[in-house]
Asker: 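Once you've had a glance at the structure underneath, I'll fire off some questions.
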Amino acid sequence: MIAAGTLVWASVAHAAGSVGWLNPANNSSFPAGTVVAPNGAASATGTIGGGLDLVIVMDSSGSMGATVPIAGSPTRNQVQAQAATALVNNLPAGSAVSIVDFDSNASVTQQLTTLPGGLGNVQTAINNIDAFGGTDIRDGIVAADNELDARGRSGTSKQILVISDGGSNQAQAVAAATDAANDGYIVNTVSFPGSSTSTMQAVATAGNGTFVNFSNNPQDIVNIFSGAGGGVLVGVDNVQITDPDGNVFAAIVDALGNFTVPGFALNPGANTWTALATFTDQTQASASLTLFGTTTGGGGTTPVPLPASGLLLIAAIGGFGVVRRFRK
């Protein structure tokens, strides 16, 4: 388990946690033997199933040029770029990402673009974040809010992730996060060494999001955004997968709750995975995915039916759906 500095949850009431499978679509059919690697998402905030629109608000103030005391003595800006790269490389296909560069003011350096096709443009924008100027978190949030207003897709979970190593006018930053939350967007914050943790926590609280303090452990942000620390930004503790052969294992979950299971060669007939998500308040939610392995007969490729008992089992699993216990 990675010690992620100090993890602090914003003091807001989140909705009941949920988990869902994103790809392939439930009840899809493929030739038996096809290797599939289904992916899904779990979250205690936002929506599941409609995809993700994410704006990463990156600090380009002068202090981001300072080094951090970890192996290689990289600058804060270099670690920030590594973390953002790790995050976007682990997002599921179909996610849309935008990059906002902020210091004394802010600008959108990459509009919302869908992955994986737009990954190169997103990476270029990440790599072009410099280290010069002051720190105005408000402007960064406003730019992200406006980007989601202009280009956010219907039905998606819309998230803003603010990374900073500095202080800012707290009242103005909180007001901007409140406006974003009123628009239906979640504002998460991540602190680097030198940041005002009280401001970053207040912004996350106002934005119905999560604050994570990496001030003392900046390397951990890269590890967690790579999928080694679970869905810390969306209240996910872990996701347990049961595959069609009955094997049970922990999924690798990125910071925003996305997970992918290992490749599996489809058996003839129904193949069912179950994802059981446990959230930070220890409530749970479950969802199943069934894919059919088909065989070629005289009339073409058709699904192989399950025995009646198997069909009843699938119906029971499907009826179980998502188990939720509401947060107090």
Asker: Rounded to the nearest 0.5 Å, what separation is found between the OG1 atom of Thr34 and the CZ atom of Phe264?
Answerer: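 Rounded to the nearest 0.5 Å, the OG1-CZ separation comes to 12.0 Å.
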Asker: Is the side chain of Asp136 donor-acceptor paired with the backbone N or O of Asp139 at a distance under 3.5 Å, no angle test?
Answerer: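 Between the backbone of Asp139 and the side chain of Asp136 there is a qualifying donor-acceptor contact (under 3.5 Å).
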Asker: Can you tell me how far apart CD (Gln82) and CG (Leu87) are? Round to the nearest 0.5 Å.
Answerer: 13.5 Å
Asker: Examine Val79 and Ile99 and state if one hydrophobic cluster contains both, with Ile, Leu, Val, Met, Phe, Trp and Tyr joined whenever side-chain heavy atoms are less than 4.5 Å apart.
Answerer: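 Linked within one cluster.
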Asker: Show your reasoning for whether side-chain contact (heavy atoms from CB on, under 4.5 Å) applies to Val88 and Ile56.
Answerer: CA-CA 10 Å; Val88 299; Ile56 306 177; 3.9 Å; yes
Asker: Should Val190 and Val68 be counted in the same cluster of Ile, Leu, Val, Met, Phe, Trp and Tyr side chains packed under 4.5 Å apart?
Answerer: yes
Asker: Between the main-chain N or O of Ala287 and the side-chain N or O of Trp21, is there a donor-acceptor pair closer than 3.5 Å?
Answerer: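 Answer holds: yes.
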Asker: Side chain of Glu147, backbone of Leu112: donor and acceptor closer than 3.5 Å?
Answerer: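 Checked: pair present.
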Asker: In the single-linkage hydrophobic clustering (I, L, V, M, F, W, Y; side-chain heavy atoms under 4.5 Å), do Ile252 and Leu22 co-cluster?
Answerer: no
Asker: Verify, without hydrogens or angle tests, whether Thr280 (side chain) and Val236 (backbone) share a donor-acceptor contact under 3.5 angstrom.
Answerer: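 No.
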Asker: Show the nearest heavy-atom pair for residues Pro268 and Thr295, with the distance to one decimal.
Answerer: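 Nearest heavy atoms, Pro268 then Thr295: CB-CG2, 4.3 Å.
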Asker: How would you list all residue pairs meeting salt bridge (charged side-chain N to carboxylate O under 4.0 Å, His left out) that involve residues 163-187, not counting sequence neighbours?
Answerer: Arg76-Asp165
Asker: For residues Thr189 and Gln201, report the shortest heavy-atom separation together with the two atoms involved.
Answerer: OG1-N, 4.5 Å
Asker: I need the minimum non-hydrogen distance between Ala131 and Asn77, along with the two atoms involved.
Answerer: N-ND2, 4.5 Å
Asker: Judged by atom type as modelled, is there a donor-acceptor pair below 3.5 Å linking the side chain of Ser98 to the main-chain atoms of Gln110?
Answerer: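 Indeed, once roles are kept as given, a pair shorter than 3.5 Å links the two residues.
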Asker: We want to know whether Thr290 and Thr272 form a side-chain donor-acceptor pair, criterion being a heavy-atom distance below 3.5 angstrom.
Answerer: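 Side chains of Thr290 and Thr272: pair found under 3.5 Å.
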Asker: Is Met58 close to Asp101 at the side-chain level, that is, under 4.5 Å between some pair of heavy atoms?
Answerer: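 No, their side chains stay 4.5 Å or more apart.
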Asker: Begin with the C-alpha distance, continue with both residues' side-chain angles, and end with the deciding distance and a verdict on side-chain contact (heavy atoms from CB on, under 4.5 Å) for Asn238 and Val253.
Answerer: CA-CA 7 Å; Asn238 63 79; Val253 185; over 6 Å; no
Asker: Side chains of Gln159 and Ser157: donor-acceptor distance under 3.5 Å anywhere?
Answerer: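 Looking only at side-chain atoms, Ser157 and Gln159 do form a donor-acceptor pair, the distance falling under 3.5 Å.
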Asker: Measure the spacing between OG of Ser215 and CZ of Phe192 and express it to the nearest 0.5 Å.
Answerer: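 Nearest 0.5 Å value for the OG-CZ distance: 9.5 Å.
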Asker: For the atom pair OG (Ser61) and CG (Asp103), what is the distance rounded to the nearest 0.5 Å?
Answerer: 7.0 Å
Asker: Between Asn89 and Leu119, is any pair of side-chain heavy atoms under 4.5 Å apart?
Answerer: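 The answer is yes, as the side chains (C-beta and beyond) meet within the 4.5 Å cut-off.
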Asker: Go through the steps for Leu266 and Leu291 under the test side-chain contact (heavy atoms from CB on, under 4.5 Å), then give the verdict.
Answerer: CA-CA 8 Å; Leu266 290 175; Leu291 303 177; 4.1 Å; yes
Asker: Are Ile129 and Leu54 grouped together when hydrophobic residues (ILVMFWY) are joined by side-chain heavy atoms under 4.5 angstrom apart?
Answerer: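 Yes, Ile129 connects to Leu54 through the hydrophobic network.
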Asker: So do the side chains of Met200 and Ile137 get within less than 4.5 Å of each other, counting heavy atoms only?
Answerer: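 Yes; the side chains approach each other to less than 4.5 Å.
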Asker: Short question: side chain of Thr210, backbone of Leu233 - any donor-acceptor pair under 3.5 Å?
Answerer: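 Pair found, side chain donor or acceptor close to backbone of Leu233.
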Asker: Rounded at 0.5 Å granularity, tell me how far CD in Gln170 sits from OG in Ser198.
Answerer: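 Answer rounded to 0.5 Å: 5.0 Å.
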Asker: With a 3.5 Å distance limit and no angle check, can you tell me whether Asn271 reaches the backbone of Gly269 through a side-chain donor-acceptor pair?
Answerer: yes
Asker: Can you tell me how far the OG1 atom of Thr178 sits from the CG atom of Asn182, to the nearest 0.5 Å?
Answerer: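 It comes to 6.5 Å.
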Asker: Ser18 and Phe279: which non-hydrogen atoms are nearest, and at how many Å?
Answerer: N-CZ, 3.3 Å
Asker: What I'd like to find out is whether the side chain of Asp59 reaches to under 4.5 Å of the side chain of Phe102, using heavy atoms alone.
Answerer: yes
Asker: Does Phe249 CZ have over 12 foreign heavy atoms under 6.0 Å away?
Answerer: yes
Asker: Quick one: does Thr242's side chain get under 4.5 Å of Leu276's, heavy atoms only?
Answerer: no
Asker: Strictly by modelled atom types, are Asn213 and Ser191 linked by a side-chain donor-acceptor pair under 3.5 Å?
Answerer: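 No, no side-chain donor-acceptor contact under 3.5 Å.
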Asker: How close do Gly167 and Ser196 get, counting heavy atoms only, and between which atoms?
Answerer: CA-CB, 4.0 Å
Asker: Is there side-chain contact between Ile241 and Val239, with at least one heavy-atom pair below 4.5 Å?
Answerer: yes
Asker: Would a single hydrophobic cluster contain both Phe225 and Ile126, if residues Ile, Leu, Val, Met, Phe, Trp and Tyr are joined by side-chain heavy-atom contacts under 4.5 Å?
Answerer: yes
Asker: Do Thr113 and Asn121 pair up side chain to side chain, a donor and an acceptor below 3.5 Å, judged on atom types alone?
Answerer: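 No.
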Asker: Is there a donor-acceptor contact under 3.5 Å from the side chain of Asn208 to the main chain of Ala181?
Answerer: no
Asker: Checking side-chain contact (heavy atoms from CB on, under 4.5 Å) for the pair Asn128/Thr109: CA distance, chi angles, key distance, verdict?
Answerer: CA-CA 9 Å; Asn128 285 341; Thr109 58; over 6 Å; no
Asker: May I ask you to decide if Asp254's main-chain N or O and Asn258's side chain share a donor-acceptor pair within less than 3.5 Å?
Answerer: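 No; judged by distance alone, with no hydrogens or angles, the pair does not exist.
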Asker: Taking all non-hydrogen atoms of both residues, which atom of Pro92 and which atom of Ser95 are closest, and how far apart?
Answerer: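 Scanning both residues, the minimum pair turns out to be O-OG, 2.9 Å.
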Asker: For residues Phe211 and Thr205, determine if any side-chain heavy atom of one lies less than 4.5 Å from a side-chain heavy atom of the other.
Answerer: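 No, every pair of side-chain atoms sits at 4.5 Å or beyond.
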Asker: Donor-acceptor check, side chain of Asp281 to backbone of Thr283, threshold 3.5 angstrom: yes or no?
Answerer: yes
